[in-house]
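All remarks here apply to the structure that follows.
Remember, predicted model here, so these are calculated numbers, not experimental data.
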Amino acid sequence: MSLNEHQTWLVNFYKKRNWYQYSAFIRLNFLTEEVGELSRSIRALEIGRDHPGESEQSTSDAKANLKEELADVLDQVLIMSAKFDIDPQALLKQSEKKLEQRFNE
């Protein structure tokens, strides 16, 4: 599945559940929440978690959680780009262009 196909599927999924109507401002809060969960996942892999309410994860479980959190962040970015009618492929091109220009590549 391509990035654009996933974005279309995701928008439809959100619309079915009445999640898509939230404003970009609210979506930004959801993105922030997902980035926090990604941060916690990376911390667990990099330095571990020493929290009495959590059981220790295996490395494979921690990596599976990292993959899940990265996907959640990506989904929020794709929803946000759909809200502003920005093609996700354009985001990839914009990133490359900016970096090539910045570093004279």
Side-chain angles (χ1 to χ4, degrees):
M1 177 180 290
S2 74
L3 200 55
N4 290 62
E5 290 169 335
H6 179 68
Q7 183 187 45
T8 299
W9 177 87
L10 188 65
V11 166
N12 290 331
F13 184 87
Y14 273 48
K15 284 180 177 178
K16 278 194 250 178
R17 285 157 183 78
N18 295 318
W19 297 346
Y20 190 75
Q21 82 277 3
Y22 295 118
S23 70
F25 185 73
I26 291 172
R27 291 248 72 87
L28 183 58
N29 287 304
F30 293 153
L31 175 60
T32 300
E33 179 181 339
E34 295 300 346
V35 169
E37 292 173 7
L38 175 60
S39 177
R40 186 176 68 193
S41 178
I42 291 172
R43 176 184 171 188
L45 274 166
E46 293 288 318
I47 63 174
R49 299 265 307 158
D50 185 15
H51 191 283
E54 296 177 9
S55 58
E56 192 170 333
Q57 284 185 314
S58 68
T59 301
S60 64
D61 285 346
K63 282 203 167 188
N65 183 252
L66 173 62
K67 188 176 177 181
E68 178 182 333
E69 298 307 337
L70 283 166
D72 289 348
V73 168
L74 177 61
D75 283 351
Q76 291 303 317
V77 169
L78 290 173
I79 289 294
M80 187 75 75
S81 66
K83 286 278 192 188
F84 288 101
D85 196 29
I86 297 172
D87 179 355
Q89 295 295 338
L91 298 175
L92 302 179
K93 290 176 187 173
Q94 178 67 32
S95 171
E96 289 177 13
K97 180 180 175 183
K98 179 180 82 173
L99 291 170
E100 287 173 350
Q101 287 176 344
R102 183 175 291 165
F103 295 99
N104 298 315
E105 298 261 335

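- Separating the CG atom in Leu91 from the CG atom in Leu3 is a distance of 8.0 Å, to the nearest 0.5 Å.
- Residues passing the side-chain contact (heavy atoms from CB on, under 4.5 Å) test with Arg17, sequence neighbours excluded: Phe13, Trp19.
- If you chain together hydrophobic residues whose side chains sit under 4.5 Å apart, Leu10 and Leu92 fall into the same group.
- Atom CD of Gln21 has more than 12 heavy atoms from other residues, nucleotides or ligands within 6.0 Å.
- Partners of Ser95 under the side-chain contact (heavy atoms from CB on, under 4.5 Å) rule, at least two apart in sequence or in another chain, are Leu99.
- When the side-chain hydrogen bond (donor to acceptor under 3.5 Å, both in side chains) test is applied to Ser58, the partners found at least two apart in sequence or on another chain are Ser60, Asp61.
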Anything under 3.5 Å between a donor and an acceptor, one on a side chain of residues 33-40, the other on a protein residue two or more places apart or in another chain? List them.
none

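- For Glu5, the side-chain contact (heavy atoms from CB on, under 4.5 Å) partners two or more places apart in sequence, or in a different chain, are Met1, Ser2.
- With a 6.0 Å radius and a threshold of 12 heavy atoms from other residues, nucleotides or ligands, Gln89 has its CD atom above the threshold.
- Going from atom CD1 of Ile42 over to atom CD1 of Ile47 covers 11.5 Å, rounded to the nearest 0.5 Å.
- Rounding to the nearest 0.5 Å gives a distance of 12.0 Å between NZ of Lys16 and CG of Asn18.
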Run the side-chain donor-acceptor check on residues 65-84: report pairs under 3.5 Å with partners two or more places apart or on a different chain.
from, atom 1, to, atom 2, distance (Å)
Asn65, OD1, Ser41, OG, 3.1
Asp75, OD1, His6, NE2, 2.7
Gln76, OE1, Arg27, NE, 3.3
Gln76, OE1, Arg27, NH2, 3.4
Gln76, NE2, Tyr14, OH, 3.1
Ser81, OG, Gln7, NE2, 2.9
Ser81, OG, Val77, O, 3.4
Ser81, OG, Leu78, O, 2.9
Lys83, NZ, Tyr20, O, 2.3
Lys83, NZ, Tyr22, O, 2.8

